[in-house]
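Notes to accompany the following structure.
First listed ligand is number 1; within each ligand, the first listed atom is number 1.
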Amino acid sequence: MTRRAIYKLTEPLLQFSLLTVALLMVLWVTTLNLIRVETEGAEEIAWISTLDLAETYEAQMVRALRDIEQTLNLVAYVSGQGDPETILSELSARGLLPPDVLFIITVFAADGSVLVSTRPPGTVPTLNMSALRTLPGADALLVSQSRFDAGNQQWWLDFSIALFAPDGVVNGAVTVSADAEYFVSGYDADQLGEHGLLAVIGADGNFRVRRSGADTSFSGTETVLQGLLAGEDSDLSAVSVLLYESDGVERYTHSREIFGFPLRLAVGLSLSEQHAGLAASIRTYLWRTVAGSLLILLVTGTLGRMSSQLHRTRARVLEEQLEHARQVEYLAFHDSLTGLPNRSFFAKLLRQRIIDSRRGKKKFAVMFLDIDKFKIINDTLGHDSGDQLLKEVAQRIRAALRESDVVARMGGDEFTIILPETGEDAQLVDASRRILNLVRNSYLLAGQELRITVSIGISVYPRDGEDEDSLMKRADIAMYYAKGEGRNNFKFYTDEINTDSLERLTLEASLRNAVEKNQLELFYQAKRDLSNDRITGMEALLRWHHPDLGLILPKQFIPIAEETRLIIPIGRWVLETACRQSVEWRNKGIDLSMAVNLSTVQFRDDYLLNDIEEVLQKSGMVPRMLELEITESMIMGDLTKAIAVMQGIKCLGVRIAIDDFGTGYSSLSALKDFPIDTIKIDGSFISDIVANKDSQGLAAAIIAMGRTLGLNVIAEGVESKDQMDYLKSGVCDEFQGFYLNIPMPSAEFERMLRKDAAN
Ligand code: C2E
Ligand code: MG
Ligand code: MG
């Protein structure tokens, strides 16, 4: 059964309906049963009464008939002894004859003529001698049909026996005529009712006399009764319910032979009379039951309605609570900013995905996404814009993927993705590219157009891990690797990456005390004048002497230092050291400019100007001999603020160079707005400047623009004589590169400086 069906069953409306039906059924079944029992009882009483009455009336009738028989036998006997003419008067005088009003006694001669009678001629019966002769035995009785005597308006029934001569021949007869009504005079209306029946029937089936209430009739037949007579002659306990066609009354009927006489007795009790009381009580029962039913309907209806209302109210409260719970659950499992699943929900989904994939032996991928340099945006544009950006990024990631893919926000600028059933690397490459492309498009935040990128790490189940933890960790490792590889790209997890990332972890830990432990050192690379190769200045380049890993280049640890903000103290150390060194060489008579690189994090640090000022004062560095190198990307974003910082630097008397020029987004024409002194053309243009026309064109344009703006133009990364010669043909000012100057420790650099000065 469904939950819905079960819930339906608990609905009061249904419950009360069922209850009502049950109560009504009980009530009606009880009532009908009561009626049935009463009816059966009434039938049984009628049955027994019918038999009882039949017995009583039979006894009465047998008595009367015996009397008649006795009289017949007496007269027959006496008439054989004496003169028939006088016998009757003698017997009468002796009181041996029955009352004259009800009985007539007549003696017939052999020819059927009347010999003598207790009544005057004219009122005596006639005798059918031939019928008498066919009687079966000597003492057989002949019973006539009822006969109407118009003279005294009376019905008679004639009982005759034959008289025999000594030779056995019939030579006369004796007849006793009895008032036919006499046989039914015992009709008791108290017992038989107004429509009962008491009847005497001949062996021929004709009524001799029949009474029902006040109606008495003396002839006729009744078809239903005749059927009964034919069938159940001997059954003394049979009572049938018959519908009498003569008067349309239905009666319990019993009929039996009157023992020893060719007559039958029929007793009937009217059904409607017998059941009059029953019908009344049935009516009462039905009325009460109807009233009871209405009461039940009323009570259950009212209760049902009330409880239904209560149920609805309760259901509403429950629904509200559920809704509240759903909301709480939603909040607990979703990130309020982006509406994406949050960390814990993601963990659940990932767990489920692992279970499903294990069962179906399917692959799937986990992606770890991190917005590149998000912190800078957040710091410069403010948290509202940062939030806005996160929302947009979330939407773009979502838009780049399929509906079935799970995108979640882990917190901060980290997103995670589950790509179910996408285990093939080609598909994952496509998906990653789609994300990178969509995210890379420009954003409009606080009225400013801005571009960001993300780095993606990918791990695949089950190749890179079979549990939640390893899949997540490895996607994370791959993501860090992608960042290390220059950001705005994606990386699949491999075991080599893992080693790298372990390294990274160790690096991060040991970088924290690299300054105190004196593991940092500055190398110096000379800048030379293109026209005469003389050293014009130097750039300080940071090196880290790791106790286990040896010398580490900035590319490997500056990103970590930036992410952990360790770059602030490190950058300060660099500035101090470079300035101190510069002052030391100046004191030794080597007066050259010193270039120091700034990190984005430093550039955006509120204490930057303070720090520079302090270092200048402490070291005694001549401000105009210091040149700070910044990159285009630092200036983009909040342009106004960047220009303000640059102006602050300029106010201190310090020079500014744009490093790696040409790789960023700034246009050449934008240069005129920046308070800068130097542009350094990125090494990537120089490396193919001899062969590549595009690089030549760009370098030429940069040089020309720099010239126009009165800037110092330096070519970086000059590695060969060809490159140097090519540059010389242009009008570049200075160059820097491995060709003549590799970065080297201060002592070594000093020796080179002296050699150069000596030339
Ligand atoms: P950069 O400022 O553009 O520095 C020049 C980089 O090019 C140096 O790498 C240098 O060794 C390298 N280089 C010089 N000549 C050639 C050449 O002919 N060919 C090639 N292929 N490379 C050449 P390095 O020292 O590894 O530094 C890399 C970057 O790290 C620097 O690029 C700079 O952005 C950053 N960096 C170095 N020191 C510091 C520092 O103290 N603070 C900060 N914030 N960044 C630093
Ligand atoms: Mg530099
Ligand atoms: Mg550079």
Side-chain angles (χ1 to χ4, degrees), residues 373 376 484 486 511 514-515 519-528 537-545 551-582 593-605 608 611-612 615 626-634 655-664 676-690 699 702 712-724 726-727 734-746 749:
K373 302 181 182 172
I376 296 168
L511 187 60
V515 177
Q519 291 167 353
L520 298 180
E521 188 186 356
L522 287 183
F523 277 28
Y524 299 93
Q525 187 180 35
K527 289 188 272 186
R528 290 177 191 260
M538 66 209 80
E539 180 179 1
L541 294 165
L542 186 56
R543 298 292 181 264
W544 178 18
H545 296 282
L551 190 75
I552 302 181
L553 292 174
K555 192 178 101 174
Q556 286 166 282
F557 67 87
I558 296 264
I560 303 172
E562 283 178 334
E563 272 158 37
T564 53
R565 289 186 75 83
L566 282 171
I567 193 70
I568 301 284
I570 291 174
R572 226 187 117 97
W573 178 88
V574 170
L575 198 61
E576 266 170 28
T577 312
C579 288
R580 226 185 304 116
Q581 184 62 68
S582 181
S593 77
M594 172 66 78
V596 173
N597 292 288
L598 279 189
S599 141
T600 314
V601 179
Q602 284 175 282
F603 188 71
R604 300 190 197 274
D605 183 33
L608 177 69
D611 284 352
I612 298 169
V615 169
L626 180 64
E627 188 164 71
L628 294 177
E629 296 191 0
I630 60 176
T631 57
E632 291 163 86
S633 58
M634 298 184 195
R655 293 160 62 91
I656 298 174
I658 301 272
D659 203 356
D660 306 337
F661 193 80
T663 54
I676 52 171
D677 306 278
T678 304
I679 342 175
K680 300 180 78 172
I681 305 173
D682 192 67
S684 56
F685 300 106
I686 308 303
S687 60
D688 56 357
I689 199 159
V690 181
I702 295 172
N712 191 26
V713 181
I714 303 179
E716 278 188 300
V718 178
E719 290 180 340
S720 67
K721 190 165 181 325
D722 287 353
Q723 290 167 356
M724 198 177 68
Y726 181 86
L727 287 166
E734 292 172 61
F735 75 96
Q736 199 182 335
F738 293 163
Y739 176 55
L740 285 182
N741 327 270
I742 54 161
M744 54 186 80
S746 56
F749 190 74

**Report entry** Residues Ser720 and Asp722: side-chain donor-acceptor under 3.5 angstrom
**Finding:** no
Query raised in the report: Going by distance alone, is a donor N or O of one side chain under 3.5 Å from an acceptor N or O of the other, for Ser593 and Glu627?
Result: no
Requested in this report: Anything protein N, O or S sitting under 2.8 Å from the Mg ion (ligand 2): count it and give me the total.
Outcome: 4
Query raised in the report: Taking C-beta and beyond as the side chain, do Trp573 and Leu522 meet within less than 4.5 Å on heavy atoms?
Result: yes
Query raised in the report: Which residues satisfy the ring-ring contact (aromatic ring centres under 6.0 Å, His included) test with Phe685, sequence neighbours excluded?
Result: none
**Report entry** Side chain to side chain, Leu628 and Ile612, heavy atoms closer than 4.5 Å
**Finding:** yes
Query raised in the report: Does any non-hydrogen side-chain atom of Leu520 lie less than 4.5 Å from one of Val515?
Result: yes
Query raised in the report: What class does the angle between the rings of Phe557 and Trp544 fall in, given that below 30° is parallel, 30 to 60° is tilted and above 60° is perpendicular?
Result: perpendicular
Query raised in the report: Who passes ring-ring contact (aromatic ring centres under 6.0 Å, His included) against Phe749, sequence neighbours left out?
Result: Tyr524, Trp585
Query - Gln736: which of Lys527, Glu716, Gln525 passes side chain to side chain donor-acceptor pair (under 3.5 Å) - result: Gln525
Query raised in the report: Got the residues with a heavy atom under 4.0 Å of ligand 1, by chain and number?
Result: Gln525, Glu539, Leu541, Leu542, Arg543, Pro554, Ile558, Val574, Asn597, Leu598, Ser599, Gln602, Glu629, Asp659, Asp660, Glu716, Gly717, Val718, Glu719, Gly737, Phe738, Pro743
